[in-house]
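Quick note: numbers below take in every heavy atom, side chains included, and nothing from hydrogens, waters or symmetry partners. Every chain is numbered from 1, with letters handed out A, B, ... down the list of sequences. Just so it is clear, the model here is predicted, and its values are computed rather than measured.
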Amino acid sequence: MTTLIDKIDRKKKYKKVAYYPGCALEGSAQPYDKSTRAVGKELGLELVEIKDWNCCGAMEVKNIDPEIQTYLSSRVLSDAQHKSKQDVVMAPCNGCYHNLKKAEYDLENKDKSRAVTEKISKKAGHETYKSGDVETIHALDWIKFGYGEEELKAKIKGGLKGLKVASYYGCMYTRPRHIFPEKDQGGDSESTSKPHYMDDLLAIAGAENVEFPLKTACCGGAHTLSDSDMSTKLVLNILEAAEAAGAEVIATECPTCHSGLEMHQIRALKRLSKNTNVKVVYFTQLLGMAMGLSPRKVGLHANISDSVGFMKQKGIT
Amino acid sequence: MRTVAELEACVEASALTAEECLRAGEDILIHWLLAHDREPTQDTKEGFRLLALQRQGSKGDPSFNACRETCRELAYHYNLVTLEPDHKDTGSRLSMAWMLAKHLVLFVGGKLQVAELGEFCCSSKGLRLKSEAESELGI
């Protein structure tokens, strides 16, 4: 159970955090990076980008050697601690967030992971990261606890005015459960089976959350290159389920899911002649606009899924 | 039992009854277990064989929990449709059950066909021999 002291402590701790954008937010997910920074600035939360950060190991390295992936993630944590002098790292990308959490777990529980990390860290000439030295959080935690939900209510200008939103969390934010010991703790902790932090924040911003049973289902991201048709079918099913649930917008928090939903929405139309109209928007873009930031300021025009006209029509921009 | 291709064609073709949704989900999980040399359980969990099969599939392979919530939501929607058949939302509940069954069949079926990619993002396994990777890196 979270006490008032915990809340105050987290608010202080999360006010200034190390920022780990990861590779996706420098490339295909630039609008997520832009909107995350814009929302943080608007809320007075400070981001210190980690100096000289590297890839977290993503899926590619993990599939070849999980211990090398653990080392790569540990180097990010080490840099956050020793070069950026921070003890909290915020990673908006679900893949990065997941991998940093997994590294934390492996370094705590696996001798081999510790030995490999120590050996490579020495070879690379940087401090070896020790589990427990840095806390990894998601952008959702950062806003929810670093700024506070009550305070966020006061920042909403115009808001999302009953916009029907399906919050889509994807598969990496809550799984596997054992690498997220802070979740499923009751009170205001996140649920791994029915995550709700994004729903909570968007509801504060005025959105109407729809019941969406595929909110943690796989988007087919891992199959995109090997079996694109399968990915298209999985995404199409998610888009159709969201529309059937009444959603006008799918809010995302993962760049892989977001790109997959956007690209396969177009591919489904071209290959399967299946058209869906639901818009795909990062939750930080929605929050930013609800606070009165312009669509351009949150990078809405840079999404593949064109929702600028729709947002204007809804009176949100 | 229907093949994976037949199952995929079935869930993609048209809307199913609640019973058919559940059967499709069970069948794809049975395929998964048989492909991993395991005897599919006849047990039920919380009244559903679907949930028992999913649990069996995830034993020793936590990454298989990536489809746990889809199975649970399918069981939930099955209950909604069958326990309240006259409810005003039965049509949309059934449609959602069908989409859940479709996702499960496509997802697990896809994994059966592209096994060499390794496991899920959330718990991948090494494709190369550890020793090979380690010797290349000199560790």
Side-chain angles (χ1 to χ4, degrees), chain A residues 57-69 71 94-95 98-99 102 112 115-116 119-120 123 170-179 192-195 211-218 220-223 225-227 229-231 233-234 236-238 240-242 244-246 256 272, chain B residues 8 11-12 58 61-74 76-77 80 89 91-134 136-139:
Chain A
M59 297 178 215
E60 296 78 4
V61 180
K62 197 156 58 170
N63 277 343
I64 293 167
D65 191 323
E67 271 133 18
I68 302 299
Q69 183 268 309
Y71 160 71
N94 277 8
H98 168 103
N99 279 342
K102 182 177 175 292
K112 183 81 187 289
V116 170
K119 195 160 188 176
I120 308 179
K123 229 174 163 177
C171 68
M172 298 179 96
Y173 172 66
T174 55
R175 283 192 291 258
R177 197 173 173 176
H178 63 264
I179 67 172
T192 57
S193 55
K194 282 201 179 289
E211 271 301 314
F212 180 49
L214 287 170
K215 60 168 65 175
T216 62
C218 171
H223 290 321
L225 296 177
S226 63
D227 190 350
D229 289 344
M230 182 59 70
S231 292
K233 287 177 188 176
L234 284 168
L236 178 63
N237 195 44
I238 289 167
E240 287 181 334
T256 306
L272 307 171
Chain B
E8 284 181 10
V11 293
E12 286 189 83
S58 64
D61 184 4
S63 75
F64 202 64
N65 279 323
C67 65
R68 184 185 62 187
E69 297 319 316
T70 309
C71 291
R72 296 194 67 83
E73 288 285 354
L74 177 52
Y76 170 67
H77 280 78
L80 287 178
D89 293 335
S92 57
R93 288 168 171 180
L94 186 57
S95 161
M96 208 52 89
W98 170 47
M99 291 180 186
L100 285 157
K102 197 197 286 190
H103 195 90
L104 189 59
V105 168
L106 292 173
F107 178 58
V108 178
K111 267 181 64 64
L112 282 166
Q113 287 160 36
V114 199
E116 284 308 306
L117 264 186
E119 300 307 302
F120 296 94
C121 334
C122 53
S123 181
S124 53
K125 74 178 179 190
L127 288 180
R128 291 197 295 170
L129 286 174
K130 279 286 185 61
S131 55
E132 186 193 334
E134 284 165 5
E136 277 180 26
L137 288 158
I139 52 176

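The minimum heavy-atom distance between B:His103 and A:Ala217, with the atom names listed, is NE2-CB, 3.4 Å. Pairing each heavy atom of B:Gly110 with each of A:Met230, the nearest pair is CA-CE, 3.7 Å. Pairing each heavy atom of B:Leu106 with each of A:Lys233, the nearest pair is CD1-CB, 3.7 Å.
Atom CG of A:Asn237 sits about 5.0 Å away from atom NZ of B:Lys102, to the nearest 0.5 Å. Interatomic distance, CD of A:Glu240 versus CE of B:Met96, reported as 11.0 Å (0.5 Å rounding). Rounding to the nearest 0.5 Å gives a distance of 7.0 Å between SG of A:Cys171 and CZ of B:Phe107.
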request  = Report the C-alpha distance between B:Arg68 and A:Thr192 in whole Å, list the side-chain angles of each, state the deciding distance to 0.1 Å, and finish with yes or no for side-chain contact (heavy atoms from CB on, under 4.5 Å).
outcome  = CA-CA 11 Å; B:Arg68 184 185 62 187; A:Thr192 57; 4.3 Å; yes
Exercise for the section: Go through the steps for B:Asn65 and A:Arg177 under the test side-chain contact (heavy atoms from CB on, under 4.5 Å), then give the verdict. Expected result: CA-CA 9 Å; B:Asn65 279 323; A:Arg177 197 173 173 176; over 6 Å; no
* To do: Assess whether salt bridge (Lys or Arg N to Asp or Glu O under 4.0 Å) is satisfied between B:Glu69 and A:Arg175, documenting all intermediate values.
  => CA-CA 11 Å; B:Glu69 297 319 316; A:Arg175 283 192 291 258; 5.3 Å; no
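For B:Thr70, the part sitting under 4.5 Å from any heavy atom of chain A is the side chain, from C-beta outward, and nothing else. Heavy atoms closer than 4.5 Å to chain A are found nowhere in B:Arg72, neither backbone nor side chain. Within the 4.5 angstrom heavy-atom criterion, no atom of A:Ala58 approaches chain B.
Remark: A:Lys194 engages B:Glu73 in a salt bridge, criterion side-chain N to carboxylate O under 4.0 Å.
No more than 12 heavy atoms of other residues, nucleotides or ligands lie within 6.0 Å of CD in A:Glu211, so this atom counts as exposed by the packing criterion.
Between the B:His77 side chain and the A:Pro213 main chain, no donor and acceptor come within less than 3.5 Å of each other.
Comparing A:Thr256, A:Thr174, A:Leu214 by heavy-atom pairs within less than 4.5 Å of chain B, the highest count is held by A:Leu214.
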